[in-house]
> 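Right, I'll just put the structure down here and ask away after.
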Amino acid sequence: MPELPEVETLARELRDILIGRSIVRVGVCWPRTIAAPDPETFARRLAGRRIQEIRRRGKWLLLGLDGGEWLLVHLRMSGRLAVEGADAPEDIHTRVVFHLDDGRRLRFSDPRKFGRMVLTACPEDWLGDLGPEPLAPDLTPERLVEMLRGRRVRLKVQLTDQHFLAGLGNIYADEVLWRAGLSPLRRADTLTPEEAARLLGAIREVLEEAIARQGTTLADRRYVLPDGRPGEFAAHLAVYGREGAPCPRCGASIVRARIGGRSAHFCPQCQQ
DNA sequence: CAACCGACCTGTTCGC
DNA sequence: TGCGAACAGGTCGGTT
């Protein structure tokens, strides 16, 4: 499940490969991947465009093209971007292929078909009402306290709400709360300023460490780098996917519960 | 505003 | 062994 660290890693890797390259031709294998414009227009308008810059916003990847338009990509659950030679093996999950001017291709595969792409001159129209970037310096502990005011939902739900904060998903929300020593069941507006500051610190530590290790590749290998290499953060997960295993901090057994319709993993001992 | 549900999807795991 | 049910979860839109 690609979250902020995975998309950030992709953006960094793809910058080295794609900046300055031109898209020669686009093949759309699963039209519903293209949210806008219609798939034919999408392919036609992309042909001949040069990739000038690559950014990330929350879990969105943004490719800036000459001519002023942006190609927006959201990987959702199972989307994957690979850069490969023309001789690469077929993949039944391929949804969109971008043929590049160096003979290679950027291939989007997505077994679950949830991933979406948009070609637009105005990305803000498509990013939704995203919350602030967790790693941006202007997100201060004071501002986080302000943001939490009146928020009666449980912390786990709050952290995965993209309107509140952009980029955290199920895995990193669990890891962040463990690092901060806060219960996922805690009501968001009950945090003291000290706890909010601790939470922000944990968010940044976890995300920065995960980015440094190039993201989390689980056994299903749903996320890998553009060249197929795995990210190395999975070995450092403290709670996610570790139900019944010992807490790295206190040794208590990690618990899995259902919060807000999805699984939450936490240590009942150090996250009271 | 909070909580929940279904829809979108398919590969994998689980229980009988 | 084989089958269908349940599960995995990001996001949106709808209902209670």
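Just so you know, these numbers come straight off a predicted model, no measurement behind them. In what follows, chains are A, B, ... by sequence order, proteins preceding strands, each numbered from 1.
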> Using a heavy-atom cut-off of 4.0 Å across all strands, would you classify A/Tyr240 as base, sugar-phosphate, or nothing?
sugar-phosphate
> Of A/Gln158 and A/Asp220, whose closest DNA chain B nucleotide lies nearer the 5' terminus?
A/Gln158
> First and last nucleotide of DNA chain B touching chain A, 5' to 3', heavy-atom cut-off 4.0 Å?
B/dA2 to B/dG11
> How does protein contact run along nucleotides 10-16 of chain C, one letter per nucleotide 5' to 3', with B for base contact, S for sugar-phosphate only, - for none, heavy atoms under 4.0 Å?
BBS----
> Give every residue pair that meets the ring-ring contact (aromatic ring centres under 6.0 Å, His included) criterion with at least one member in residues 74-105 of chain A, sequence neighbours excluded.
A/Trp60-A/His74
> Contact class for A/Arg258 vs. all strands (heavy atom < 4.0 Å): base, sugar-phosphate, or nothing?
sugar-phosphate
> Which is true for A/Arg187 with a 4.0 Å heavy-atom rule: it touches a base, it touches only sugar-phosphate, or it touches nothing?
nothing
> Distance check, P atoms only: C/dT1 and B/dG11, in whole angstrom units.
23 Å
> For a quick check of understanding: with a heavy-atom distance under 4.0 Å over all strands, which category does A/Arg256 fall into, base, sugar-phosphate or nothing?
sugar-phosphate
> Mind jotting down which residue pairs meet the ring-ring contact (aromatic ring centres under 6.0 Å, His included) criterion with at least one end in residues 187-207 of chain A? Sequence neighbours excluded, please.
none
> With sequence neighbours left out, which residue pairs that include part of residues 116-132 of chain A fulfil the side-chain hydrogen bond (donor to acceptor under 3.5 Å, both in side chains) condition?
none
> Donor-acceptor pairs under 3.5 angstrom involving side-chain atoms of residues 231-241 of chain A: please list them, not counting sequence neighbours.
| unit_1 | atom_1 | unit_2 | atom_2 | d |
| --- | --- | --- | --- | --- |
| A/His236 | NE2 | A/Arg213 | NE | 3.4 |
| A/His236 | NE2 | A/Arg213 | NH1 | 3.4 |

> Which pairs pass ring-ring contact (aromatic ring centres under 6.0 Å, His included) with one or both residues in residues 127-147 of chain A, sequence neighbours excluded?
none
> I need the full list of side-chain hydrogen bond (donor to acceptor under 3.5 Å, both in side chains) pairs touching residues 249-258 of chain A, with sequence neighbours left out, sorted by first then second residue.
none
> Determine the interatomic distance between P on B/dG6 and the same-named atom on C/dA6; round to the nearest Å.
12 Å
> Just call it for A/Ser263: base, sugar-phosphate, or nothing, with non-hydrogen atoms closer than 4.0 Å on any strand.
sugar-phosphate
> Please tell me whether A/Phe114 and A/Leu71 are part of a single hydrophobic cluster in this structure, the criterion being side-chain heavy atoms less than 4.5 Å apart.
no
> I'd like the P distance from B/dC4 over to C/dC7, given in whole Å.
16 Å
> Please write out which residues are connected to A/Val145 in a hydrophobic cluster, directly or through intermediates, given that two of Ile, Leu, Val, Met, Phe, Trp, Tyr count as joined at side-chain heavy-atom separations below 4.5 angstrom.
none
> Tell me what A/Gly261 touches on the nucleic acid: a base, only sugar-phosphate, or nothing, going by heavy atoms under 4.0 Å.
nothing
> Roughly how many Å apart are B/dC9 and C/dG4, using the P atom of each and rounding to a whole number?
22 Å
> How about A/Glu6 and A/Gln214: does a side-chain donor come under 3.5 Å of a side-chain acceptor?
no
> For A/Arg198, give me all partners under side-chain contact (heavy atoms from CB on, under 4.5 Å), at least two apart in sequence or on another chain.
A/Leu182, A/Glu195
> Mind pulling the stems DNA chain C is in, i.e. runs of at least three Watson-Crick or G-U pairs, everything under 3.5 Å?
B:2-8 with C:10-16, B:10-16 with C:2-8
> Any pair with a residue in residues 18-56 of chain A that passes ring-ring contact (aromatic ring centres under 6.0 Å, His included), sequence neighbours left out, goes on the list, sorted by first then second residue, please.
none
